[in-house]
Amino acid sequence: METKVRFAPSPTGNLHVGGLRTALFNYLYAKKVGGKIILRIEDTDQNRKVEKAAENILDVFNQLNIHFDEGPHLESKYGPYFQSQRLSIYKDHIQILLDSGTAYPCFCMGERLDDLRLKLATNKEHIKYDRHCLNLSQDEIKAKMESEPYVIRMKVPDGEEVVFYDVVRERVAIQCDEIDDQVLIKSDGFPTYHFANVVDDHLMGITHVMRGEEWLPSTPKHVLLYQFFNWKLPKFIHLPLLLNPDKSKLSKRQGDVSVEDYLNKGYLPETLINFVALLGWHPKDEKELFSLSDLENEFSVKRINKSGAVFDVEKLKWMNGQYLKNLPIETIMKYAKPVFKSKGWDTKNTEKFKAVIENARKRADTIHEMIKPSIPFYAELEYSDEDNNLLQNESSQKVLTYFSEKLTGQINWTEAEIKLLVNETGEITGVKGKDLYAPLRISLFGEVHGPDIPLLIGILGIDETIIRIQRHI
RNA sequence: GGCCCGUUCGUCUAGUGGUUAGGACUCAGGGUUUUCAUCUCUGCAACAGGAGUUCGAUUCUCCUACGGGCUACCA
């Protein structure tokens, strides 16, 4: 049978980095074994639904170059891929369970359930539904269904044990007495996650369910449902959680969690994929920098870890810096262009832009950090009083005067020649060290620290260099 | 509270019944660079605890501790 996996987010907002990790592992597994990956939108909660969320998620995956074989954008005989469009399917399937007695209608509503939970909690008992509606007669059920709101619950068998094998955690067992009679169909007619998920996974031919570890405790319910339907169980692969620095489940409260946030802050798609791939999985050797296609080759479920992984922004930054420095310059230019343009900078002179980016990429860990080292090439310089004082002192003036005079009229000087001129300026004026370099660098660049002077002049051009220096003479 | 899962440097992780327990990020120091950055070298730093099995356990088993997840008509 063809391997088929799925990524099934609920459209409640932007794509979460944890979601990206889950999607990526599914994707890599599918690629590795030559299977398929589908995207299914689990929009069964009408209250939490966010407009356009599915489009946003798809858009982010496009930016990351992760593509699905089936999904809302690519319908097939297995669709539709929005669960909200599959209501009749769930209706048909719940009837099968109702008929076999593995599900039953329940008319207990909010207040009674709240009281029940409160009572169980105060008595320190296991919190689960008391099956108040299980033994209603057929007539009672019929009458109530016509006049009252109701849900449909699964009937968990008594006294049995549910055992399943998780690929990462191996044998997991739980007593049925611990399992609640989970609501399968809500009073608004929509299915709950547990029901829709199982029905769809089966109908869509999913062979491997790879998802976050937070689903491990409810997996027995899903296993029971497969048994009720007499369906073949998929393989379960529960991924370790992504964690905040305090080890709690990664959440918005402690920083950015959406992939979009990181993209907007100047992290590259390549970085995000590489970084997230190494959270809960590791390659055979000690290599750390992986392209998506490297990962497709290297990935193996055998090397998925068991314990949660803290999302360490420091290491993310470092990795992004590596990509900034090592990706082809054209790629970095492509990513930087819109950001530079948003500053109102004109990047039309490609040669200059390229040189600026080449300089900036070495000094930055994100696209946005490339702005600062590029200011001197695209924006007006600002000088502090301290800078002006330094530029006006006697030795600075000697340096600037000699240097700019010698430069005047030279158009095609190479960087090596400019370097020689700097040395010559020092010899002739008798100014050495910092006193020699600081005035040049400040007048040209606005900062004492920065790139080599010849490199700087190479980007600026001789004319602009002379203009900038002569402003201070 | 109950159930489930987990535990190697601060963080991501490798690894083995006998290893100087390895790598990466961070941090510290050195080198390269006129400066900054890059690059590079060196260093700091870990097997949660207790029993058991064993000639020998970080590695296998059990217990404890700690951490986390779940405990909704959310996913």
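In what follows, every heavy atom counts, from backbone to side chain, and hydrogens, waters and symmetry copies are set aside. Note that the structure is a prediction, hence the values are computed from the model and not measured. Per chain, numbering begins at 1; letters A, B, ... match sequence-line order.
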If we call it a pair only when both distances are under 3.5 Å in a Watson-Crick or G-U wobble match, what pairs with B/rC36? none
Most 5' of A/D45 and A/R169 on RNA chain B, judged by nearest nucleotide: A/R169
How is A/D452 classified with respect to the nucleic acid when contacts are heavy atoms under 4.0 Å: base, sugar-phosphate, or nothing? base
Taking the C1' atom in each of B/rA65 and B/rG49, what is the distance between them to the nearest angstrom? 7 Å
Look at all strands and tell whether A/T12 reaches a base, only sugar-phosphate, or nothing, counting heavy atoms closer than 4.0 Å. nothing
Have a look at A/R117 and say if it touches a base, only the backbone sugar-phosphate, or nothing, with a 4.0 Å heavy-atom cut-off. sugar-phosphate
Nearest-angstrom distance, P atom, B/rC9 to B/rA46: 9 Å
Donor-acceptor pair under 3.5 Å: do we get one between A/R361's side chain and the base of B/rU38? no
Reckon A/E170 touches a base, only the sugar-phosphate, or nothing at all at heavy-atom distances under 4.0 Å? nothing
Which part of the nucleic acid, if any, lies within reach of A/I453 when heavy atoms closer than 4.0 Å are counted: base, sugar-phosphate only, or nothing? base
Inter-nucleotide C1' distance (B/rU61, B/rG2), Å rounded: 26 Å
Is A/P451 touching bases, backbone alone, or none of the nucleic acid, heavy atoms closer than 4.0 Å? base
Just by distance, do the side chain of A/K128 and the backbone of A/D177 share a donor-acceptor pair under 3.5 Å? yes
Regarding A/V151, tell me which of base, sugar-phosphate or nothing describes its non-hydrogen contacts under 4.0 Å with the strands shown. base
So what's B/rG67 paired with, Watson-Crick or G-U wobble, going by both distances under 3.5 Å? B/rC5
Indicate, with a heavy-atom threshold strictly under 4.0 Å, whether A/G280 touches base, sugar-phosphate, or nothing. sugar-phosphate
Is the NZ or CZ atom of A/K32 positioned over A/F299's six-membered ring, under 6.0 angstrom from the centre and within 45° of the axis? no
Taking the side chain as every heavy atom from C-beta outward, state whether A/L242 and A/R21 have any atom pair closer than 4.5 Å. yes
Counting Watson-Crick and G-U wobble pairs only, both distances under 3.5 Å, name the nucleotide matched with B/rU19, or none. none
Pick base, sugar-phosphate or nothing for A/V448, based on heavy-atom distances below 4.0 Å to the nucleic acid. base
Students often get this wrong, so: under 4.0 angstrom with heavy atoms, is A/G433 touching a base, only sugar-phosphate, or nothing? nothing
Identify whether any heavy atom of A/S187 sits under 4.0 Å from a base atom; if not, whether one sits that close to sugar-phosphate; answer base, sugar-phosphate or nothing. base
At under 4.0 Å between heavy atoms, what does A/C176 touch on the DNA or RNA strands: base, sugar-phosphate, or nothing? nothing
Answer whether the closest heavy-atom distance between the side chains of A/L15 and A/F61 falls below 4.5 Å. yes
Tell me, do A/L97 and A/Y104 make a side-chain contact under 4.5 Å, heavy atoms counted? no
Look up atom NZ in A/K91 and atom CD1 in A/I94, then write down how far apart they are to the nearest 0.5 Å. 12.0 Å
Need to verify one output field. Residue with the more 5' nearest nucleotide on RNA chain B, A/L216 or A/E42? A/L216
